[in-house]
Amino acid sequence: MHPYRTHNCAELRQDHIDDTVKISGWIHRKRDHGGVLFIDLRDTHGLTQCVVDEGSPLLAEVEKIRPESVITVTGKVRLRPGETQNATMPTGEVELYIDEIEVQGAAEVIPFQVAEDDGAGEEIRLKYRYLDLRREKMQKNIRLRNDVITSLRERMKGQGFQEFQTPILTASSPEGARDFLVPSRLNPGKFYALPQAPQQFKQLLMMSGFDKYFQIAPCFRDEDSRADRSPGEFYQLDMEMSFVTQDDVFNVIEPVMRGIFEEFGGDRTIHSDFVKIPYLESMMKYGSDKPDLRNPLEIVDVTEVFARDDVEFKAFKGTIEKGGVVRAIRAPNVGDQPRSFFDKLNSWAQGEGAPGLGYVLFKDGEGAGPIAKFIPAAAQEELKKISGAEDGDAVFFICNQELAAAKFAGAAREAICNAFPEGHVAAREQGEFKFCWIVDFPMFEMDEETGKMEFSHNPFSMPQGGMDALENQDPLDILAWQYDIVCNGIELSSGAIRNHKPEIMEKAFDMAGYDKQVLEDKFGGMLNAMKFGAPPHGGIAPGIDRIVMILADEPNIREVIVFPMNGNAQDLMMKAPSTASAEQLKELNIKLDLPKAKVKSEAA
RNA sequence: GCGGGCGUAGCUCAGCUGGUUAGAGCGCCGCCCUGUCACGGCGGAGGUCGCGAGUUCGAGUCUCGUCGCUCGCGCCA
């Protein structure tokens, strides 16, 4: 007989009755009745009830073994008597009568409960992640993650993509997020950077003649965390292909996404259309470049109404005179909402730093609410016309400079939708995945603080119109072959048709204020490669953690990562990051120059 | 870097307007219990109320500072 097990903890059935079997696992629960004692033995597959029968010499020993200890038990499978069968357990018809028991790994008293969700906080869960991972929900999430990744691989391979591995120690790049740096011992004073994405490598693979690349790629970015952004590192389904247009990339990735969400989405439905929304339209209608299309509210521009001479709302007029805009959101059928509905939204807006959230409620044929008196009837009619509002609807207003107004209107659109009671006509749709492509991103944007022109997204994107556009269009009007894919308000990925022409590359970087020397220094490898025959190519890189997070219906991305860091990019279990020894630093030619406050807290 | 929330037993939390010995559930320890499956019963241990200052006759409770966690903004494919 095998030393540890003949079956796993989910296998035993009536077929096994009278067999002598051996199973191993963790003690999930113990129920001690004095004479007879039950153990639910757990492994990753399931649970099996084991019995220490009355009069067994093992009783005293077993009573002392704590929950979460690992044991191996040997004994005979027996049918459970009549009404003691448990229909809620797959193995509930039978039980194992223990003849022998061996403790493989004793457990001390555990800091939180594994067998049930006792609400333990994240800090302690991360410190004892291996205990947390034993819990049913985490096992399920991680299994889902594994299944998703397997399926992604198969779907990509099925479309003829080859899987690659690219370097982890590589060069820093000036665009994008902050890099993680790794000092080089062999090259004093020099540093590797961890890749923010294998961007250049995958493009170089295209230039190397591989047609279709993909990788389950680790990416490293030294940026602050969010609920949907794991600090430090995350994984992408990174892909790139040659001789393609934007539509070709969409046609490859849409069936992958649709397939994954159908396969693992349970009873949630996927909208068949992956709607394409130009960036500018998305910012106007949804106030965001990652709109949640389950929210039916739309934003409209009503600047002209508030600019009318007969409208006397000074707060908005002043902003309009300084070039600002007024955006409006129609909230349907809120005539019967209590005053608190509007007050809560107003205090939400104030909490966001706005003066408030003005509105007009159209009720009984006239406009009501705090600012209605500044808007004469004719102008109110105009507002109704533009926003589509009818009697019983309210229209909320946001006034600011264009970008700020768009962003705040986007936030207000979400806040208003969230404020609707359950079952409201405009409440967020449930049980759906609504995808969209955001396309036609601007190539450049103006940094509001410095007034300098910058790449608005990826500097390697091909400008629409190529060299001609760069030379002859207003830079701020140039669009890029740059796209994002969004699901339920979460940005899953962005991608682009890349710039594969060195002269366009040089021109674009020049326009973004990069010296030719910088381009040489930082992207010399790829720029050179472009001069030796580069195919047109493009790709995309959907975030795997986010996909799994949506599929698992988890509000926090750390719930689908085995060993995540906390919000401050610390691994509480492994105690990373940690200090380096004097020897290590010396070897790397590094001297520390720490801020005073840090030194103090370190000492304390 | 900024703003909101939280910090009380191993875990999750209660503790009203400041007032005697800070509570509950789970867990833990002991005893009892022959069929449970969140087993049950009786008893018990366990607290720097994050830390530091202040106000007060008196602070878990009020004030200020500080640290930690978390959510959001900034930042960021």
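As the structure is a prediction and not an experimental result, all values here were calculated from the model. Protein chains get the first letters and strands the later ones, always in sequence-line order, with residue 1 at the start of each.
In the set C75(B), G68(B), G72(B), G68(B) carries the atom at the smallest distance from any side-chain atom of E123(A). For R558(A), the side-chain atoms get nearest to U70(B) when compared with the rest of G1(B), C76(B), U70(B).
Taking the side-chain hydrogen bond (donor to acceptor under 3.5 Å, both in side chains) definition, one finds that N295(A) meets it with E414(A), sequence neighbours left out. Qualifying side-chain hydrogen bond (donor to acceptor under 3.5 Å, both in side chains) partners for K127(A), counting only residues two or more places apart in sequence or in other chains: none. For D484(A), there are no side-chain hydrogen bond (donor to acceptor under 3.5 Å, both in side chains) partners two or more places apart in sequence or in a different chain.
Taking atom CG on L131(A) and atom P on G27(B), their separation rounds to 16 Å, with Å as the unit. In this structure, CD of E414(A) is placed 18 Å from P of C71(B), rounded to the nearest angstrom. Nucleotide C71(B) holds its P atom 13 Å from the CD atom of E554(A), rounded to whole Å. As a whole-Å value, the separation of E68(A) CD from C26(B) C1' is 15 Å. In this structure, the CD1 atom of I65(A) is 13 Å from the P atom of C29(B), given to the nearest Å. Between E108(A) atom CD and G27(B) atom C1' the separation is 15 Å, expressed in whole Å. Rounded to an integer number of Å, the gap from CG of L126(A) to P of G68(B) is 17 Å. We find that CZ of F408(A) is positioned 13 Å from C1' of G72(B), with the value rounded to whole Å.
One C1' atom belongs to G47(B), the other to G60(B), and the distance between them is 11 Å to the nearest Å. The C1' atoms of A14(B) and G25(B) are separated by 11 Å, rounded to the nearest whole Å. Distance noted for atom P between U20(B) and C49(B): 16 Å (whole Å). Rounded to the nearest Å, the gap between the P atom of C71(B) and that of G27(B) is 29 Å. With both ends at atom C1', the span from C37(B) to C69(B) equals 36 Å, rounded to whole Å. Of the C1' atoms belonging to C11(B) and G19(B), the separation is 31 Å, rounded to the nearest Å. For the P atom pair drawn from G5(B) and C64(B), the interatomic distance equals 12 Å after rounding to whole Å. Going from the P atom of C6(B) to that of U63(B) covers 12 Å, rounded to whole Å.
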Full working for ring pair (Phe, Tyr, Trp, His ring centres under 6.0 Å) between F523(A) and F509(A): CA-CA 11 Å; F523(A) 306 109; F509(A) 271 77; 5.3 Å; yes
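Between E223(A) and R229(A) no salt bridge is recorded (no basic side-chain N to carboxylate O distance below 4.0 Å). Between R129(A) and D571(A), none of the side-chain N atoms (NZ, or NE/NH1/NH2) sits under 4.0 Å from a carboxylate O, so this pair counts as no salt bridge. In this structure, D292(A) pairs ionically with R294(A), as a charged nitrogen and a carboxylate oxygen lie closer than 4.0 Å. For the pair R42(A) and E136(A), the salt-bridge criterion is not met [side-chain N within less than 4.0 Å of a carboxylate O].
Within a 6.0 Å sphere centred on OH of Y192(A), heavy atoms belonging to other residues, nucleotides or ligands number 12 at most. Atom CD of Q14(A) has more than 12 neighbouring heavy atoms from other residues, nucleotides or ligands inside a 6.0 Å radius.
Using a 4.0 Å heavy-atom cutoff across all strands shown, G176(A) reaches sugar-phosphate atoms only and no base atom. Within 4.0 Å of Q199(A), counting heavy atoms only, lies no atom of the nucleic acid at all. If you check every strand for non-hydrogen atoms under 4.0 Å, Q482(A) touches a base. Using a 4.0 Å heavy-atom criterion, one finds that N556(A) contacts the sugar-phosphate atoms exclusively. Using a 4.0 Å heavy-atom criterion, one finds that N458(A) contacts the bases of the nucleic acid, with or without backbone contacts as well.
Within the structure, a side-chain polar atom (N or O) of N568(A) is placed less than 4.0 Å from OP1 or OP2 of C69(B). At C73(B), one or more side-chain N or O atoms of R226(A) fall inside 4.0 Å of OP1 or OP2 (strictly under the cut-off).
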Pair pattern of RNA chain B in dot-bracket, where unpaired bases get dots and | marks partners in another strand, Watson-Crick or G-U under 3.5 angstrom: (((((((..((((.....[...)))).(((((.......))))).....(((((..]....))))))))))))....
Footprint string (nucleotides 4-12 of chain B, 5' to 3'): B base within contact, S backbone only, - free, heavy atoms under 4.0 Å: ------SSS
Base versus backbone protein contacts along nucleotides 35-43 of chain B [heavy-atom cut-off under 4.0 Å; B, S, -]: BBBSB----
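Here F180(A) and F220(A) keep their ring centres 6.0 angstrom or further from each other. Proximity of the aromatic rings of Y213(A) and F161(A) is defined here by a centroid distance below 6.0 angstrom, and this criterion is not met. Residues F250(A) and Y483(A) bring their aromatic ring centres within 6.0 Å.
Where Y483(A) and P67(A) meet RNA chain B, the nucleotide closest to each residue was compared, and P67(A) sits on the side nearer the 5' end.
One cannot find a donor-acceptor pair under 3.5 Å joining the base of G27(B) and the side-chain atoms of R66(A).
Aromatic ring pairs are classed by plane angle as parallel below 30°, tilted from 30° to 60° and perpendicular above 60°; the pair F435(A) and F433(A) is tilted.
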